Structure formats: C-alpha cells, structure tokens
Undergrad: 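Submitted below is the structure of interest, expressed as structure tokens.
Just so you know, residue 1 is the first one in the sequence shown, and it goes up from there. Because the structure is predicted, anything quoted here is derived from the model rather than measured.
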Amino acid sequence: MTMRDTLSSCAAFSRNLSPQQMWQSRNEAHRKGEYAMWKSILVVVASLTPFAPVVQAQDDLSKVNIRISKLAGNVYLLVGDGGNIAASIGEDGIVIVDDQYAPLAEKIQSALKGISDKPIRFVINTHYHVDHTDGNEYFQKQAPIIAHDNVRKRLENGGEAENLASLKFEAKPQVRGALPLLTFDHDVTIHLNGEDIKVMHLQNGHTDGDSIVYFPKSNVVHMGDDFLRIGFPFVDLAAGGSVRGLAALEELIPTLPPDVIVIPGHGVVSNLDDVRTFVKMLKETRAVVDRGVKRGKTLDQLKHEKILDPWKDWSGQWITTDIYLETLYNDVVRNPGTFVNHN
C-alpha cells in the first residue's frame, strides 16, 4: 500500500467516526496498552479531518500527572484524566470517591501516599461509567468498593451508554474483581475520620445508579456527573438517566450548607450558585423542548428552528447543542412532565 493509499484509508476511516467514537476508541486503546499505535494513526487522521483539535487534545495517560490539593477539613481533590476524585484522608485511613482510568491507578495511589501512609479503607463509585470506575480492580485489592445496586448490575452486564440518538458508547462487562462488593438501594453512611460520610442515591439523574457523597464536617460534597462544569451534560438515557431527574438536584440544595464546597464530576470546584445555574439551564431547556413536542414538532424541526440557541454558550466539545437537544427530545418523549420528586 502506498502512502497515498494509507492517507486515503485514514481519511475514509475518520469520515465514519463521530468525535464520540474517536473518544471511545482512545479509551479502549488505553485499556489495551495500545495508545501509541492509536495516536500514530490518529495523527494522520487529524491532519485530514475536522476532528483535528479533538485528536490533538488527547494526551497519553503515561504523561498525565495527578494533581492533589486540599479543599477543606479532611477532604482533598485529585485531578488527572477522567472524573474528579475526592479523598477523605485522616487518622482512620482513606476513602476515595471514584478512581478514573486503570493506567492511572498507581499514580493516584502515589499522590495519596504523598499526603498519608494510611491505608485506603473504602472506594465509592458515583456511577458506572468507565472514566470513574476503570481503577476499580486495582483498588479493590486494597479496600471494598461501595456503590448503588445498579452500578454493580451495569458493570457486571455491560451494555451501551447513550442518549438514544447519535451519542453512544460501549460499556463492556467488567471482571469480577472490579464489581462493587458493598451495594445499597437508597443511602449509606461511612463513619470514618471523624466524619459521617453520607452516600446518597439520586434517582434517575445522569444514570439510574448515581450517588452524591457529602462530607458534613469538612463541608464538601461530590456530585459525580449529576453536576458538571464543562457545558451541557451527557445524560445516559439508556441506563435510566433523565434530564428531569437531574433537575431534582434542586431538592438537594436546601439540605446543604450555603457555603458548601461542590466537586463536580468534571470541571472546576464550584459552589451552590453554580449548581443553581446548572439546574436552571436544565429546567428551562427541557421546558422549551417539552412545549415543542406538545405542538407536534419533530426533532429535526426543533434542530432547524435552533430552539436551544439562547443556551448556545453551554455547547461543549462532546455534548454539542444538537446532541443535547436529542437527549432532551428523547427524555421528553419517554417521560412526559416537567419535574420528578425524589424520596
């Protein structure tokens, strides 16, 4: 095959991949230890496609540094590649919330040891997606993983994470050692490091197995992917998620101190005003799509009308305005109404 043939093949390959599929192929390459090969191919693709900035932004996990910083009390934030990690570090040991990608597990461990030589006592999964749970097998050799019942089921069975339209990721069944050993159906409390760490289920939000983790003494809450600071959210409708359910974060706000520190699933450390802004966007965008559906509008018509244009600043690299509109439309069609009350 000539160089011209190779470039033509790469271009054809790239035209058949969405940005989401490129992201999924990158994750799979990391898991298989084939990132160098993936990157060498995609460098060529990048020069031939509109996804060049996307490809170039993906860094080799071997080059990722885990940054750890103290937030308040016993709680620290760890940032690398994947979901934000919270860690309660104290005399009784360490509790971590989420564990990112498996190739980063030793780096995460090293960052924790830089603060304390105490053992990890528990690991909490906020939901089942790979960028929050891929380190499970590594860490569960040290401490049990705690998660909602549905997290274990989805990790065990696999399936597809999707918005029931153009956004779809394969969620492969995980090995036995990566499955949470301790599960719950509503909430659970961990009494460690002088904290009553509350792990609370948010019904049908980002997925059907979401947990929000509150450290009351340290005044910090980790909201997993039920709250993000990177634009429109990905709502896994295929896994029981719903925009209407996410908006029920509004019910949680009054139960937390006004000055609580909020860790989002992705993005910068935030506060409750940021959460209110997020919820306001969710409710307003769902309401405008709900009205369109009630008028008999199709998804294509709503896209053509640019019905979400007032919220265009929320459009992100992965969850664009059109992808989020697809999510809203399918959520409204499947779950009529504007709000859901949680017990």
Side-chain angles (χ1 to χ4, degrees), residues 19 23 53-54 56-59 61 63-89 95-101 104 107-108 111-112 114-115 124-127 129-135 197 202 205-206 210-216 218-235 243 246-247 249-250 252-253 256-285 311-321 323-324:
W23 178 261
V54 174
Q56 293 166 356
Q58 310 313 319
D59 294 325
L61 287 184
K63 300 177 182 177
V64 172
N65 294 316
I66 302 298
R67 305 184 302 277
I68 186 167
S69 57
K70 186 171 184 175
L71 293 182
N74 292 324
V75 177
Y76 292 74
L77 172 69
L78 289 84
V79 178
D81 190 324
N84 288 331
I85 297 175
S88 170
I89 302 177
V95 179
I96 64 172
V97 180
D98 288 340
D99 51 40
Q100 296 192 357
Y101 293 109
L104 295 175
K107 292 185 178 183
I108 294 168
L112 293 170
I115 303 297
I124 302 167
N125 288 163
T126 60
H127 61 290
H129 290 153
V130 64
D131 54 327
H132 296 256
T133 62
D134 198 40
I197 304 170
L202 183 76
H206 177 58
D210 297 350
S211 291
I212 289 173
V213 184
Y214 176 43
F215 304 88
S218 296
N219 198 31
V220 177
V221 61
H222 191 314
M223 292 193 171
D225 281 3
D226 289 315
F227 169 64
L228 306 172
R229 287 295 302 278
I230 56 172
F232 288 132
F234 167 48
V235 182
V243 180
L246 270 187
L249 280 172
E250 189 172 51
L252 178 68
I253 292 173
L256 297 170
D259 60 347
V260 69
I261 297 171
V262 180
I263 302 174
H266 299 266
V268 300
V269 174
S270 307
N271 56 44
L272 288 184
D273 283 341
D274 298 317
V275 180
R276 292 186 183 96
T277 299
F278 181 72
V279 170
K280 181 174 181 287
M281 178 276 295
L282 294 174
K283 296 179 72 174
E284 290 177 347
T285 54
W311 299 274
K312 61 184 178 183
D313 290 345
W314 288 82
S315 185
Q317 184 180 36
W318 299 109
I319 309 302
T320 62
T321 299
I323 289 175
Y324 180 57

Undergrad: Could you pull out the closest heavy-atom pair between A111 and I66, with the gap in Å?
TA: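 Heavy atoms of A111 and I66 come nearest at CB-CG2, 3.9 Å.
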
Undergrad: Considering non-hydrogen atoms only, spot the tightest contact between L282 and Y324 and give its length.
TA: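 The answer is CD2-OH, 3.6 Å.
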
Undergrad: Can you tell me how far CG of N74 sits from OG of S218, rounded to the nearest 0.5 angstrom?
TA: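 Atom-to-atom, S218:OG and N74:CG are 4.5 Å apart.
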
Undergrad: Are the side chains of P257 and Y214 in contact, using a 4.5 Å heavy-atom criterion?
TA: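 Yes; the side chains approach each other to less than 4.5 Å.
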
Undergrad: Quick one: side chain to side chain donor-acceptor pair (under 3.5 Å) partners of N271, sequence neighbours excluded?
TA: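 Counting only residues at least two positions away or on another chain, N271 forms no side chain to side chain donor-acceptor pair (under 3.5 Å).
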
Undergrad: What heavy-atom pair brings I319 and P233 nearest, and what distance separates the two atoms?
TA: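 Answer, listing the atom of I319 first, then P233: CG2-O, 3.5 Å.
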
Undergrad: Between F215 and V97, does a side-chain contact (heavy atoms from CB on, under 4.5 Å) hold up when you go through it step by step?
TA: CA-CA 11 Å; F215 304 88; V97 180; 3.9 Å; yes

Undergrad: Taking the side chain as everything from C-beta on, heavy atoms only, tell me whether I263 gets closer than 4.5 Å to L71.
TA: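 Counting from C-beta outward, I263 and L71 do come under 4.5 Å.
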
Undergrad: Please check this pair: side chain of H206 against backbone of F234, looking for a donor-acceptor N/O pair closer than 3.5 Å.
TA: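 Checked: pair present.
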
Undergrad: Keeping the roles fixed (side chain from Q100, backbone from G83), state whether a donor-acceptor pair exists under 3.5 Å.
TA: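 Between the backbone of G83 and the side chain of Q100 there is a qualifying donor-acceptor contact (under 3.5 Å).
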
Undergrad: How many angstroms lie between atom CG of L246 and atom CZ of F278, to the nearest 0.5 angstrom?
TA: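 So the gap between those two atoms works out to 5.5 Å.
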
Undergrad: With side chains defined as the heavy atoms from C-beta onward, is the minimum distance between H222 and I124 less than 4.5 Å?
TA: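 No, their side chains stay 4.5 Å or more apart.
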
Undergrad: Would you give the length of the straight line joining atom CD1 of I115 to atom OH of Y76, rounded to the nearest 0.5 angstrom?
TA: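 With rounding to 0.5 Å, CD1 (I115) is 5.0 Å from OH (Y76).
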
Undergrad: Got a sec, which residues hit side chain to side chain donor-acceptor pair (under 3.5 Å) with D259, two or more places apart in sequence or on another chain?
TA: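 Checked D259 against side chain to side chain donor-acceptor pair (under 3.5 Å); matches are N219.
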
Undergrad: Of all the heavy-atom pairs spanning R229 and D274, show the shortest one and how long it is.
TA: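 Heavy atoms only, the tightest pair is NH1-OD2, 3.2 Å.
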
Undergrad: Quick one: CG on L104 to CG on D134, what's the gap to the nearest 0.5 Å?
TA: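 Going from the CG atom of L104 to the CG atom of D134 covers 9.0 Å.
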
Undergrad: Taking all non-hydrogen atoms of both residues into account, name the closest pair between G205 and D210 and its distance.
TA: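 Shortest heavy-atom contact: C-OD2, 3.5 Å.
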
Undergrad: Hey, does the side chain of S315 reach the backbone of T321 with a donor-acceptor pair shorter than 3.5 angstrom?
TA: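 Yes, because the side chain of S315 sits within donor-acceptor range (under 3.5 Å) of the backbone of T321.
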
Undergrad: Would V220 and V213 satisfy side-chain contact (heavy atoms from CB on, under 4.5 Å), going step by step from the backbone distance to the final call?
TA: CA-CA 9 Å; V220 177; V213 184; over 6 Å; no

Undergrad: Hydrogens and angles aside, do H129 and D225 bring a side-chain donor and acceptor to less than 3.5 Å of each other?
TA: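 No.
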
Undergrad: Please answer whether the main-chain N or O of V268 pairs with a side-chain N or O of S270 as donor and acceptor at a distance below 3.5 Å.
TA: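 Judged by distance alone, yes, a pair lies under 3.5 Å.
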
Undergrad: Determine whether a donor-acceptor pair (N or O, by modelled atom type, separation under 3.5 Å) exists between the side chain of N84 and the backbone of L77.
TA: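 The answer is no, because no donor-acceptor pair under 3.5 Å joins these two groups.
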
Undergrad: Could you walk me through whether Y101 and V64 pass the side-chain contact (heavy atoms from CB on, under 4.5 Å) check?
TA: CA-CA 11 Å; Y101 293 109; V64 172; over 6 Å; no

Undergrad: As an exercise, state the distance from OG1 of T285 to NZ of K280, rounded to the nearest 0.5 Å.
TA: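 One finds 10.5 Å between OG1 of T285 and NZ of K280.
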
Undergrad: Check the pair T126, D98 against side-chain hydrogen bond (donor to acceptor under 3.5 Å, both in side chains), reporting the backbone distance first and the verdict last.
TA: CA-CA 6 Å; T126 60; D98 288 340; 2.7 Å; yes

Undergrad: Which pair of heavy atoms, one from T320 and one from F232, lies closest together, and at what distance?
TA: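 Taking T320 first and F232 second, the nearest heavy atoms are O-CD1, 4.1 Å.
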
Undergrad: Show the numbers, then the answer: is there a side-chain contact (heavy atoms from CB on, under 4.5 Å) between I85 and I108?
TA: CA-CA 9 Å; I85 297 175; I108 294 168; 3.6 Å; yes

Undergrad: Which residues satisfy the salt bridge (Lys or Arg N to Asp or Glu O under 4.0 Å) test with K70, sequence neighbours excluded?
TA: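 K70 satisfies salt bridge (Lys or Arg N to Asp or Glu O under 4.0 Å) with no other residue.
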
Undergrad: When rounded to the nearest 0.5 angstrom, what is the spacing between CG in N65 and CG in D81?
TA: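 One finds 11.5 Å between CG of N65 and CG of D81.
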
